[in-house]
Amino acid sequence: MTAAPRVRFAPAPTGYLHVGGARTALFNWIFARQTGGALVLRIEDTDLERSREELVDVVLSTLDWLGIDFDEGPYRQSERLEYYDLAVDKLLGDGRAYRCDCTPDDVKARKEQRGDKTPGYDGFCRDRDLPPGPGVAVRFRTPDEGTVAFDDLVRGHVSFECADLVDFVVQRADATPTFLVANAVDDAEMRITHAIRGEDLLNTVPSVLMLMDALGYEHRPTYAHVPLLVDEKRQKLSKRRHSVAVEEYRDGGYLPEAFVNFLCLLGWGPPDGEEIRPIERTIADFRLQDVTKSAAFFDTKKLDHFNGEYIRALEAADFVERCRPFFDRVEWAPSEWPPGPFVQMAPLVQERVVTLAEVPGLVDFLFLDQVPLDEAAWEKAMKHEAAPAILDATIDAYAEGPWEAEHLHRALAEIGERFGLKLGKAQAPVRVAVTGRTVGPPLFESLEVLGREATLDRLRSARERLAGGR
RNA sequence: GCCCCCAUCGUCCAGUGGCCUAGGACGCCGCCCUUUCAAGGCGGUAACACGGGUUCGAAUCCCGUUGGGGGUGCCA
């Protein structure tokens, strides 16, 4: 009987959750849930500049939005410094590490002097036997020969030559530990069985393995390095050029279910080929071994499609509720919730949007006293010679009769016929006069909700504007 | 430079030696539907990087080339 798996998501707090990080978190979570294992959250903040509490809160709330919950933690490496100190002391005591007072500039300068393009530290302080003191870091003494190999669940067998590994720093001059020791100590101490993370960390495995060995840990996690997420140019997503923060998608009106569904399909494909699927089914079918080896382009076009599908699948009342945050942030934010006019229009809006953020813009004309007139739309719709006559006739026809969509529909269709116009053409001036735009939710339903009074007012003022020249 | 990884339609995945004249999804194009815009329906476009092997047979295995990416930090 093997013990239940233990996995971890270990982000460095940067103030936002990177979409790539979100995906590795998701893969860890799915793996934990399907195996009955535990997911631990560990904040890798050994770099003092990064350890700020509010940065951690962002990660926590965003994971929560995604629906990723964890079973242990968050542990903060900044609160576990004593463990790493002990580890470094052991390394020093056993002669597996040594002190070094070379500054990064020194290392770089010597490298340039050597002329060879070989990078990295040259082992300058290996045998200097320096005493502790300010400006002194600690480096691990890597073996000069031999190989380090391991089996990666997605990459297969991977091996490195020790000779290619430089003496890396385990403790900085300010006495803080580096990622490598903290990682080795924590994965071992926390009994992490599977380290599922981004491929950018593949190269750090040999160092960590050597550290675990030197520290006397017998525990070894099974590694699984998932492919990176890249941009259209196949390069690492950059914060400058792309939306890499999950928060941007949340604020952009994406549904967490859609976002998660999309993320699952980057580097993995469902065995039955059904891409739009509840997370439960992915938890049932996901296999780490099936994760692709090649990098995936984070293509938001597909995300958009998924989001639209998920929005349309929402229960009407749920859709209305989910739109609330997006109404809260417009100038004309409704004072009561849910606002009646929107509730009436919601089903019609729901099947037309790609993101929730678009919703207020489709119904603003119902809330604004002044029509949000778009000049280009006006030009386009009113340039038709029959426009004034259509408005006149519509004002006339809408002055009486039942105020319901079907009737309004029929009346305008008849007016159109009089001018030899199809309804599609005839409704244009009316639509722009009343909603300010050429596109929007179905017109007659919109008018019904708006009411006779407001509709006639807007038609009349459009007519006046037309009479006064443009 | 060196080390590591990767390589199927524009994109994301299927494909694990014969079922492949390579399948699905997104995108794109066309048609239908239509009250604008969507949605929906139908159809179409489009790929095994290249060169050698192995084999009766290769998208699938091996080698090489080319291309791409990651690492090469007292970041993680």
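Throughout, a chain's letter reflects where its sequence line sits, starting with A, and its residues are numbered from 1. Atom set for the values below is all heavy atoms of this structure, side chains included, hydrogens, waters and symmetry mates excluded. Note that the structure is predicted; figures quoted are calculated from it, not measured.
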Item checked: Side chain of A/Arg234 - closest among B/rC12, B/rA76, B/rA38 -> B/rC12
Margin query: What contact category does A/Phe444 fall into here, base, sugar-phosphate, or nothing, at under 4.0 angstrom with non-hydrogen atoms?
Written below: base
Item checked: Given RNA chain B, 5'-ward residue of the pair A/Phe298 and A/Val136, judged by closest heavy atom -> A/Phe298
Next item on the list: Using a 4.5 Å cut-off on heavy atoms from C-beta on, say whether the side chain of A/Thr147 contacts that of A/Pro206.
Entry: no
Next item on the list: Identify whether any heavy atom of A/Ser294 sits under 4.0 Å from a base atom; if not, whether one sits that close to sugar-phosphate; answer base, sugar-phosphate or nothing.
Entry: sugar-phosphate
Next item on the list: Name the nucleic acid region contacted by A/Leu443, choosing base, sugar-phosphate or nothing; use a 4.0 angstrom heavy-atom cut-off, strictly under.
Entry: base
Margin query: Classify A/Val107 by what it touches in the nucleic acid, base, sugar-phosphate, or nothing, heavy-atom distance under 4.0 Å.
Written below: nothing
Item checked: Donor-acceptor pair under 3.5 Å, A/Lys293 side chain vs B/rC5 base -> no
Note to self: Using only modelled atom types and a 3.5 angstrom limit, is any donor from either the side chain of A/Arg352 or the base of B/rC37 paired with an acceptor on the other?
What the structure shows: yes
Check: For the rings on A/Phe342 and A/Phe367, is their centre-to-centre separation under 6.0 Å?
Finding: no
Check: Hey, does the side chain of A/Ser159 come within less than 4.0 Å of B/rC4's phosphate (OP1/OP2), counting only N and O?
Finding: no
Margin query: Quick one about A/Asp304 and A/Tyr254 (side-chain donor to acceptor, distance below 3.5 Å, no hydrogens or angles considered), yes or no?
Written below: yes
Note to self: Let's see if you can work this out: which of B/rU35, B/rC74, B/rC12 has an atom nearest to the side-chain heavy atoms of A/Pro442?
What the structure shows: B/rU35
Note to self: Side chain of A/Leu202, heavy atoms from C-beta onward: which of B/rU35, B/rC5, B/rC26 has the nearest atom to it?
What the structure shows: B/rC5
Next item on the list: Hunt down the Watson-Crick or G-U wobble partner of B/rC50, both distances under 3.5 Å, from any strand shown, or write none.
Entry: B/rG64
Checklist line | Any strand: nucleotide that pairs with B/rA14 via Watson-Crick or wobble, under 3.5 Å | finding: none
Check: Which of these nucleotides, B/rA25, B/rC5, B/rC74, is closest to any side-chain atom of A/Glu275?
Finding: B/rA25
Check: A/Phe140 and A/Tyr121: aromatic ring centres closer than 6.0 Å?
Finding: no
Note to self: Looking at A/Gln427, I'd like to know whether one of its side-chain N or O atoms comes within less than 4.0 Å of OP1 or OP2 on B/rU36.
What the structure shows: no
Next item on the list: Describe the nucleic acid contact of A/Ala296 in one word from base, sugar-phosphate, nothing, applying a heavy-atom distance below 4.0 Å.
Entry: sugar-phosphate
Checklist line | Sugar-phosphate only, base, or nothing, as touched by A/Asp290 at under 4.0 Å among non-hydrogen atoms | finding: sugar-phosphate
Check: Between atom CG in A/Asp285 and atom P in B/rA14, what is the gap in whole Å?
Finding: 13 Å
Next item on the list: Looking at every strand, decide which applies to A/Pro11 at a 4.0 Å heavy-atom threshold: base, sugar-phosphate, or nothing.
Entry: nothing
Next item on the list: Identify, with sequence neighbours excluded, every residue that meets side-chain hydrogen bond (donor to acceptor under 3.5 Å, both in side chains) alongside A/Lys108.
Entry: none
Next item on the list: Would you indicate what A/Thr204 reaches in the nucleic acid, counting non-hydrogen atoms under 4.0 angstrom: base, sugar-phosphate, or nothing?
Entry: base
Check: Of the nucleotides B/rU36, B/rG40, B/rG70, which one has an atom closest to the side chain of A/Asp200?
Finding: B/rG70
Margin query: Can you tell me the base-pairing partner of B/rA58? Count Watson-Crick or G-U wobble geometry only, both distances below 3.5 Å, and say none if there is no partner.
Written below: none
Checklist line | Closest to the A/Glu351 side chain, choosing from B/rA38, B/rC5, B/rC12 | finding: B/rA38
Checklist line | Nucleotide opposite B/rG40 in a Watson-Crick or G-U pair, distances under 3.5 Å | finding: B/rC32
Note to self: Determine whether the aromatic ring centres of residues A/Trp403 and A/Tyr398 are separated by less than 6.0 angstrom.
What the structure shows: yes
Next item on the list: Please tell me which of the listed nucleotides, B/rC13, B/rG27, B/rG69, lies nearest to the side chain of A/Glu199?
Entry: B/rG69
Next item on the list: Answer with base, sugar-phosphate or nothing: what part of the nucleic acid does A/Gly267 contact at a heavy-atom distance below 4.0 Å?
Entry: sugar-phosphate
Margin query: If the test is salt bridge (Lys or Arg N to Asp or Glu O under 4.0 Å), which one of A/Arg139, A/Arg126, A/Arg99 qualifies with A/Asp167?
Written below: A/Arg126
Notebook entry, point to check: A/Asn203 side chain: which of B/rA76, B/rC4, B/rA39 is closest?
Noted result: B/rC4
Notebook entry, point to check: Are A/Arg172 and B/rA76 close enough that a side-chain N or O sits under 4.0 Å from OP1 or OP2?
Noted result: yes
Check: Looking only at side-chain N and O atoms, does A/Arg155 come under 4.0 Å of OP1 or OP2 in B/rC4?
Finding: no
Note to self: Heavy atoms only, 4.0 Å cut-off, all strands: where does A/Gln77 land among base, sugar-phosphate and nothing?
What the structure shows: nothing
Notebook entry, point to check: Separation of A/Asp152 atom CG from B/rC6 atom C1', in whole Å?
Noted result: 13 Å
Checklist line | Side-chain N or O of A/Lys236 closer than 4.0 Å to phosphate OP1/OP2 of B/rG71 | finding: yes
Item checked: Per A/Asp164 side chain, nearest of listed nucleotides B/rC12, B/rC2, B/rC74 -> B/rC2
Notebook entry, point to check: How is A/Arg437 classified with respect to the nucleic acid when contacts are heavy atoms under 4.0 Å: base, sugar-phosphate, or nothing?
Noted result: nothing
Note to self: Within the 4.0 Å heavy-atom criterion, would you say A/Leu165 contacts the bases, only the backbone, or no part of the nucleic acid?
What the structure shows: nothing
Check: Taking the nucleotide of RNA chain B with the closest heavy atom to each, which residue, A/Glu445 or A/Gly156, is nearer the 5' end?
Finding: A/Gly156
Margin query: Tell me whether the side-chain N or O atoms of A/Gln235 pair up with the base of B/rG68 as donor and acceptor below 3.5 Å, since no angle test is needed here.
Written below: no
Item checked: Options B/rU36, B/rC74, B/rU35, nucleotide nearest the side-chain atoms of A/His409 -> B/rU35
Notebook entry, point to check: Hey, what's the ring geometry for A/Phe444 with A/His409, parallel, tilted or perpendicular (30° and 60° as the breaks)?
Noted result: parallel
